[in-house]
Amino acid sequence: MTAPTVTTSATATAAVDDATGELVAQLEREPPGQVSTSVYETGRLVADAPWLTGHARRLGYLLGQQGADGAWGGAGGYALVPTASAVEALLADLVRVDPADSGGHLRTDPADSGDRAMADQAEPRGLTRADLAVAAFRGLIALARRLDAAQSMPDTPAADLIVPALAARIDTHLARLHDLDDPSVNGAPRALPPVDRRRLDAVGALLVTDRRVPDKLWHAYEVLGPAAAGRPEVRPVAGAVGASPAATAAWLGHRPAADRAARTYLDDVVARHGGPVPCCTPITAFERSWTLATLARVGLPVRPSPGLVAELADALGPTGAATGPGLPADADTTSVVLYALARLGRPVEPASLAHYDLGGHFCTWRGEDGHSVTTNAHVLEALGWHARHSRDGAGRYAARVATLADWLSDRQQRDGHWVDRWHASQYYATCCVVLALAGYAPPGTASGAVDRAVDWVLATQRADGGWGRWASTAEETAYAVQILLATGQRSRPEVPPAVRRALPHLSTDGNDHPPLWHDKDLYAPLLIVRAAVLAARRLAVEVAGPPSEGVPVAGDPGRPGHDHEA
């Protein structure tokens, strides 16, 4: 006798619940967080910290990450920052190594490293100076082509500082190699096309004054030049400058005496990732809050330890929470921490968000260039929860909630989606805004915007059943499925078939997620992405039984996640 569909759904739901428990356990076991490695950041360690354990592994990583066209990184302008970093790093190593050694193997790591765990790992063999020269030359041509075409840079942090700073260093390396008649640069240009330096020069002028420098700049300390070394306010926090391995290594390079905490931070990061490093680490509050909020929003069983919840609450200071040590607090991390704590039964008054209130909307941090719709969507959820659930919350926050809902609706693109500065994919931005509007906008005020977003999602499903900006990905498919199923649209006849077609893309919990999040280059916060996939799968099993069964929608079709409080 064939088992009833409800058994299949129950089994699938139990599997998602089990995976959720394991995901929360990983948050506990690995407080620094799980982040994909970065070509940009790894290149900066190759250039600025060849003395650090894992140098040869980092060189091998850069060569292994180079694309067929000679560039590194994502599509279009997303290649500019990582390609500039990789090219400058390889040229810096060529300058350091005698051309007479071009036929021999590159040196392995210095013997003075104290990292025994790294010492036990095998070094890459067969990597020669000639290998570096070929990769550098190919990358140089790819970079020059993109700069000559004036390819626009995406709105990633410090891109307008990084590219001109590294272009100047590349030109210096090229001049030196040409002057030495180094055969590795035969046929290479003597200089890159001109790059706009106005923002970099303005920051350089600021650094030599006694005026305050925005704390966010220290995340890119490695490209600020010697003037940054004279700023007394730059100090490691928990060993890290700006939560960045590259910034920390450059800061150490400006100090005649090594800082033990900073060196320990670098050794630990290198050991965790096997040589290459991520752009931002640790990301404890960011990873925990996003993951727990995503899971709780759709009603998944989230049972972190009291200690983890207490640590998340402790991350909130007078101006909120920061993504990582040495970074300024921001409204995005603050609002998600507040929302996660509320859903976990530990609500904290959101007074810290007033620091970012600009009247019509909220800034991510004071002095922000532009605005972020996802930050404002997260603020809407945090304030919306308190407006609905806390004593006198409606009186204190309802007006701000209504204003934010209108502001977000007004920024919807004509075809129904949203875009944002913290993620390469419009599916992430659209999911954040739609879930906030569906959950907390005043009744009837945002239904048109949500309907248009659902229409856009249905219209952009790929032939293989997934969704994605460049190709179908599990992450972006998860956002699309959440938009379809967490907005009261389940009864639309097009929705269940679309979700069934998407299910194969939600079947993996591995770490093979392409980098789509904005930092100095693109990255993937792996547990946050996995939480999004699990949340989508949990919603999908309610409607995506075998097509021939015609599985009915289970439960209340409207706002499933916002109606179950933890």
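By convention here, the first residue in the shown sequence is residue 1.
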Looking only at atom types and distance, does a side-chain atom of D521 sit under 3.5 Å from a main-chain N or O of Y40, one as donor and one as acceptor? yes
Charged N-O contact under 4.0 Å between D332 and R421: no
What is the minimum heavy-atom distance between I170 and A84, and which atoms define it? CD1-O, 3.8 Å
Does the side chain of W251 reach to within under 4.5 Å of the side chain of D259, using non-hydrogen atoms? yes
Check: A429 main-chain N/O paired with Y479 side-chain donor or acceptor under 3.5 Å: no
Does either side chain, that of K520 or that of S85, offer a donor lying less than 3.5 Å from an acceptor on the other one? no
Can you tell me how far the CG atom of L200 sits from the CG atom of D160, to the nearest 0.5 Å? 8.5 Å
Pair L516-V529, side-chain contact (heavy atoms from CB on, under 4.5 Å): steps then yes or no: CA-CA 10 Å; L516 294 169; V529 172; over 6 Å; no
Does E88 reach the side chain of L91, with side-chain heavy atoms less than 4.5 Å apart? no
Separation of L59 CG from R129 CZ (nearest 0.5 Å): 12.5 Å
Taking atom types as modelled and ignoring hydrogens, do the side chains of R272 and T281 form a donor-acceptor contact shorter than 3.5 angstrom? yes
Hey, what's the ring geometry for W218 with Y221, parallel, tilted or perpendicular (30° and 60° as the breaks)? tilted
CA sep, side-chain torsions, deciding dist, call: D131, T128, side-chain hydrogen bond (donor to acceptor under 3.5 Å, both in side chains): CA-CA 5 Å; D131 295 327; T128 68; 3.2 Å; yes
Using a strict 4.0 Å threshold on nitrogen-to-oxygen distance, state whether R469 and E476 make a salt bridge. no
Partners of H219 by ring-ring contact (aromatic ring centres under 6.0 Å, His included), sequence neighbours excluded? none
If you define the side chain from C-beta out and look only at heavy atoms, does anything of D267 sit under 4.5 Å from L52? yes
Examine distances only and state if a side-chain atom of R57 and a backbone atom of P276 form a donor-acceptor pair shorter than 3.5 Å. no
Audit row: T473, Y427, side-chain contact (heavy atoms from CB on, under 4.5 Å) steps and yes/no: CA-CA 11 Å; T473 67; Y427 293 98; over 6 Å; no
Minimum-distance pair of heavy atoms, taken over all atoms of L143 and T83: CB-CG2, 3.9 Å
R138, R146, R145 screened by salt bridge (charged side-chain N to carboxylate O under 4.0 Å, His left out) with D69, the one that passes: R146
Check step by step if side-chain hydrogen bond (donor to acceptor under 3.5 Å, both in side chains) holds for H55 and D93. CA-CA 10 Å; H55 182 73; D93 223 62; 2.9 Å; yes
Looking at R176, I want to see if its CZ is surrounded by more than 12 non-hydrogen atoms of other residues, nucleotides or ligands under 6.0 Å. no
Exceeds 12 heavy-atom contacts within 6.0 angstrom, atom CZ of R260: no
Looking at S372 and T375, would you say the former's side chain and the latter's main chain have a donor-acceptor pair under 3.5 Å? yes
What distance separates T430 OG1 from Q413 CD, expressed to the nearest 0.5 Å? 8.5 Å
Just wondering, do T319 and T334 contact through their side chains at under 4.5 Å, heavy atoms? no
If you measure from OG1 on T323 to NZ on K216, what distance do you get to the nearest 0.5 Å? 13.5 Å
Do side-chain atoms of D330 reach the backbone of T333 as a donor and acceptor pair under 3.5 angstrom? yes
Least distance between heavy atoms, L527 atom then L27 atom: CD1-CD2, 3.8 Å
Ion pair E311/R288, N-O distance below 4.0 Å: yes
Heavy-atom donor-acceptor pair, T477 side chain to G466 backbone, under 3.5 Å: no
Please check: side-chain N/O of T248 versus main-chain N/O of A240, any donor-acceptor pairing under 3.5 Å? no
Beyond-backbone contact of P236 with Y265, side-chain heavy atoms, under 4.5 angstrom: no
Would you mind reporting whether P304 and L344 have side-chain heavy atoms less than 4.5 Å apart? yes
Exactly one of Y78, W290, W517 should register a ring-ring contact (aromatic ring centres under 6.0 Å, His included) with H423. Which one does? W517
Any side-chain heavy-atom pair of L327 and C280 under 4.5 Å: yes
Counting only N and O atoms by type, is there a donor-acceptor contact under 3.5 Å from the side chain of Q482 to the main-chain atoms of A532? yes
Got a donor-acceptor contact below 3.5 angstrom from the S472 side chain to the G468 backbone? no
Do C432 and V336 have side chains that approach each other closer than 4.5 Å (heavy atoms only, starting at C-beta)? no
To the nearest 0.5 Å, what is the distance between NE2 on H173 and CG on L94? 9.5 Å
With rounding to the nearest 0.5 Å, note down the distance linking CZ in R263 to CG in L252. 8.0 Å
Judged by atom type as modelled, is there a donor-acceptor pair below 3.5 Å linking the side chain of R58 to the main-chain atoms of T53? yes
Under the ring-ring contact (aromatic ring centres under 6.0 Å, His included) criterion, do Y428 and W422 qualify, and how do the steps go? CA-CA 9 Å; Y428 172 75; W422 296 118; over 10 Å; no
Salt-bridge contact R29-E22 (side-chain N to carboxylate O under 4.0 Å): yes
